[in-house]
Amino acid sequence: MFKNLGKVNYTKIKSEIKVNIETLQEGMNSHDKYFIYKKKDKLKIYNRICDHAGGQLIYNLRKKQLICPIHNWELNPENGKYNNNNLLKKKDIPFKIKNNLISFKIDKRR
């Protein structure tokens, strides 16, 4: 019945984001499509997609945890590893800093 459905193609659009470094707080900085984790002079930027099941990672402010609501997986933003599976590591987004602006690109799917 569903033998030849074909592939679903998504158009990836790279969107450039610029964030003033002075606006970042120590710890987690949550945005709509990404997270910026700041610890002293170190920055890590991640998209919000869980690498395990594709859910949207949410930040629990009270517990200070990045959690995927689908299977309750927790991401450690310092090392990019999921606490539920030490072998799975989230790739951080490369960025540049110029004139106090952090610039990076994220994928938006259509």
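These numbers come from the heavy atoms of this one structure, side chains and all, not from hydrogens, waters or symmetry mates.
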Taking C-beta and beyond as the side chain, do Leu57 and Ile67 meet within less than 4.5 Å on heavy atoms?
no

Using a strict threshold of under 4.0 Å (side-chain N to carboxylate O), is an ion pair present between Lys39 and Glu26?
no

More than 12 non-hydrogen atoms from neighbouring residues, nucleotides or ligands closer than 6.0 Å to CG on Asn99, yes or no?
no

Would you call Tyr46 and Pro77 a side-chain contact if the rule is heavy atoms closer than 4.5 Å?
yes

Check for a donor-acceptor pair, side chain of Arg48 on one end and backbone N or O of Gln56 on the other, with a separation under 3.5 Å.
no

What is the distance from atom SG of Cys50 to atom CG of Asn72, rounded to the nearest 0.5 Å?
10.5 Å

Would a distance-only check, ignoring hydrogens and angles, find a side-chain to backbone donor-acceptor pair under 3.5 Å from Asn79 to Lys81?
yes

Hey, is the main chain of Glu74 close enough, under 3.5 Å, to the side chain of Asn84 for a donor-acceptor pair?
yes

Side-chain donor/acceptor of Asn29 to backbone N/O of Gly27, under 3.5 Å:
yes

Please lay out, stage by stage, how Leu61 and Tyr59 fare under the test side-chain contact (heavy atoms from CB on, under 4.5 Å).
CA-CA 6 Å; Leu61 185 60; Tyr59 184 63; 3.8 Å; yes

Shortest non-hydrogen separation from Ile70 to Gly54 and the atoms involved
CD1-C, 4.5 Å

How many angstroms lie between atom NZ of Lys91 and atom NZ of Lys44, to the nearest 0.5 angstrom?
12.5 Å

With a 4.5 Å heavy-atom cut-off, do Phe35 and Ile45 have their side chains touching?
no

With under 30° as parallel and over 60° as perpendicular, where do the rings of Phe104 and Tyr34 fit, or are they tilted in between?
perpendicular

Measure the OG-NZ distance between Ser103 and Lys98 for me, rounded to the nearest 0.5 Å.
9.0 Å

Kindly indicate whether the side chain of Leu101, heavy atoms from C-beta on, has any atom under 4.5 Å from the side chain of Ile21.
no

Supply the atom-to-atom distance Ile36 CD1 to Thr23 OG1, rounded to the nearest 0.5 angstrom.
7.5 Å

Met28 reachable from Ile102 in the ILVMFWY side-chain graph, under 4.5 Å edges:
no

Have Gln65 and Asn60 got a donor and an acceptor in their side chains that come within less than 3.5 Å?
no

Taking the side chain as every heavy atom from C-beta outward, state whether Leu24 and Val19 have any pair of such atoms under 4.5 Å apart.
yes

Student check: side-chain heavy atoms of Ile17 and His31 closer than 4.5 Å:
no

Worked check of side-chain contact (heavy atoms from CB on, under 4.5 Å) between Ile106 and Ile93:
CA-CA 8 Å; Ile106 60 169; Ile93 298 171; 3.7 Å; yes

Under a plain distance cut-off of 3.5 Å, with no hydrogens placed, do Asn47 and Lys90 share a side-chain donor-acceptor pair?
yes

Quick one: pull up CG in Leu75 and CH2 in Trp73 and give me the separation to the nearest 0.5 Å.
11.0 Å

After noting the C-alpha distance and the side-chain angles of Tyr82 and Asn76, does the key distance pass the side-chain contact (heavy atoms from CB on, under 4.5 Å) rule?
CA-CA 6 Å; Tyr82 290 89; Asn76 180 337; over 6 Å; no

Is Leu43 reachable from Tyr37 through a run of hydrophobic residues whose side-chain heavy atoms are each under 4.5 Å from the next?
no

Take Leu88 and His52 through the side-chain contact (heavy atoms from CB on, under 4.5 Å) test and state the conclusion after the steps.
CA-CA 8 Å; Leu88 188 58; His52 171 242; 4.2 Å; yes

Within 6.0 angstrom of Gln25 CD, more than 12 heavy atoms from elsewhere:
no

